[in-house]
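In what follows, a single structure is set out as structure tokens and then discussed.
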Amino acid sequence: QVQLVESGGGLVQAGGSLRLSCAVSGGIYSINSMAWYRQAAGKERELVALISSDGRTDYADSVKDRFTVSRDNAKNTAYLQMNSLKPEDTAVYSCNADFRPSLMSTNNRSLWGQGTQVTVSS
């Protein structure tokens with residue numbers, strides 16, 4: 001029922017920008033935290049950016065000055081604005097959403113997206 005769809009990835013030259021979207025659809029009540037992760041080829045997955053239900057954000061040191069995470073609660077969508085991209089940013093970017101299924105629900109659920117490829121050329 002509940003689905004998470006990511007979009008916005010692609011090929012960009014170093015110094016360019018991309019904006020990733022993470023849309024949650026289905027019969028949910030509210031979304032708690034949303035986070036962006038990335039995994040480069042042959043590397044471990046790492047946390048890139050997180051935005052909590054109260055709007056607080058957190059970033060990996062490597063992207064703190066260049067990336068911005070935001071959310072639109074009315075659209076159940078999170079965004080990751082990526083500026084000044086570097087070849088080191090090349091990876092599959094995945095979104096994770098922690099959400100409350102309904103008003104009567106006492107247990108939250110978590111859902112991963114399938115990921116979107118971001119490739120930054122030199």
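Since the model is a prediction, treat every value here as computed from it, not as a measurement. FYI, the numbering just counts along the sequence from 1.
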Is it the case that one hydrophobic cluster holds both [X] and [Y], taking links as side-chain heavy atoms less than 4.5 Å apart, direct or via other members?
{"X": "V48", "Y": "I31", "value": "yes"}
{"X": "V92", "Y": "L111", "value": "no"}
{"X": "L4", "Y": "L50", "value": "no"}

Distance-only polar pair, side chains of N73 and R71, donor-acceptor under 3.5 Å: yes
So, T119 versus Q117: side-chain donor-acceptor pair below 3.5 Å or not? yes
Does [Y] offer a backbone N or O that forms a donor-acceptor pair with the side chain of [X] under 3.5 Å?
{"X": "S105", "Y": "L103", "result": "no"}
{"X": "E6", "Y": "G115", "result": "yes"}
{"X": "R109", "Y": "F99", "result": "no"}

So that I can tick it off, tell me whether D61 and K64 are bridged by a salt bridge, with the cut-off set at under 4.0 angstrom between side-chain N and carboxylate O. yes
Measure the shortest side-chain to side-chain distance between [X] and [Y] over non-hydrogen atoms and say whether it is less than 4.5 angstrom.
{"X": "V2", "Y": "V24", "result": "yes"}
{"X": "M104", "Y": "Y29", "result": "no"}
{"X": "R56", "Y": "D58", "result": "no"}
{"X": "C22", "Y": "M34", "result": "yes"}
{"X": "S25", "Y": "N76", "result": "no"}

Gap between atom [atom2] of [Y] and atom [atom1] of [X] - 0.5 Å precision:
{"X": "D72", "Y": "Y79", "atom1": "CG", "atom2": "OH", "answer": "5.0 Å"}
{"X": "L20", "Y": "Q81", "atom1": "CG", "atom2": "CD", "answer": "9.0 Å"}
{"X": "T57", "Y": "D54", "atom1": "OG1", "atom2": "CG", "answer": "10.0 Å"}
{"X": "M82", "Y": "W36", "atom1": "CE", "atom2": "CH2", "answer": "8.0 Å"}
{"X": "L85", "Y": "S17", "atom1": "CG", "atom2": "OG", "answer": "6.0 Å"}

Take V120 and L11 through the test side-chain contact (heavy atoms from CB on, under 4.5 Å) and record every step on the way to the result. CA-CA 6 Å; V120 184; L11 175 63; over 6 Å; no
Using a 6.0 Å distance limit plus a 45 degree cone around the ring axis, check whether R45 lies over the aromatic ring of Y37.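 Relative to the ring axis of Y37, which defines the angle, R45 lies inside both limits.
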For A40 and A91, work out which heavy atoms get closest and say how close.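 Between these two residues, the closest heavy atoms are N-CB, 3.7 Å.
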If every non-hydrogen atom of E44 is compared with every non-hydrogen atom of Q39, which pair is closest and at what distance? C-CG, 4.1 Å
Can you list everything that forms a side-chain hydrogen bond (donor to acceptor under 3.5 Å, both in side chains) with S122? Sequence neighbours excluded, please. none
Would you please name every residue forming a side-chain hydrogen bond (donor to acceptor under 3.5 Å, both in side chains) with R100, sequence neighbours left out?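 side-chain hydrogen bond (donor to acceptor under 3.5 Å, both in side chains) list for R100, sorted by chain: empty.
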Please step through side-chain contact (heavy atoms from CB on, under 4.5 Å) for the pair L18 and V118, ending with a clear verdict. CA-CA 9 Å; L18 285 173; V118 171; 3.9 Å; yes
Among D89, L80, T116, L47, the one residue meeting side chain to side chain contact (heavy atoms under 4.5 Å, CB included) with R38: D89
Can you list everything that forms a ring-ring contact (aromatic ring centres under 6.0 Å, His included) with F67? Sequence neighbours excluded, please. none
My understanding is that only one of N96, D98, N32 makes a side chain to side chain donor-acceptor pair (under 3.5 Å) with S110; could you say which?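 Among N96, D98, N32, the one meeting side chain to side chain donor-acceptor pair (under 3.5 Å) with S110 is N96.
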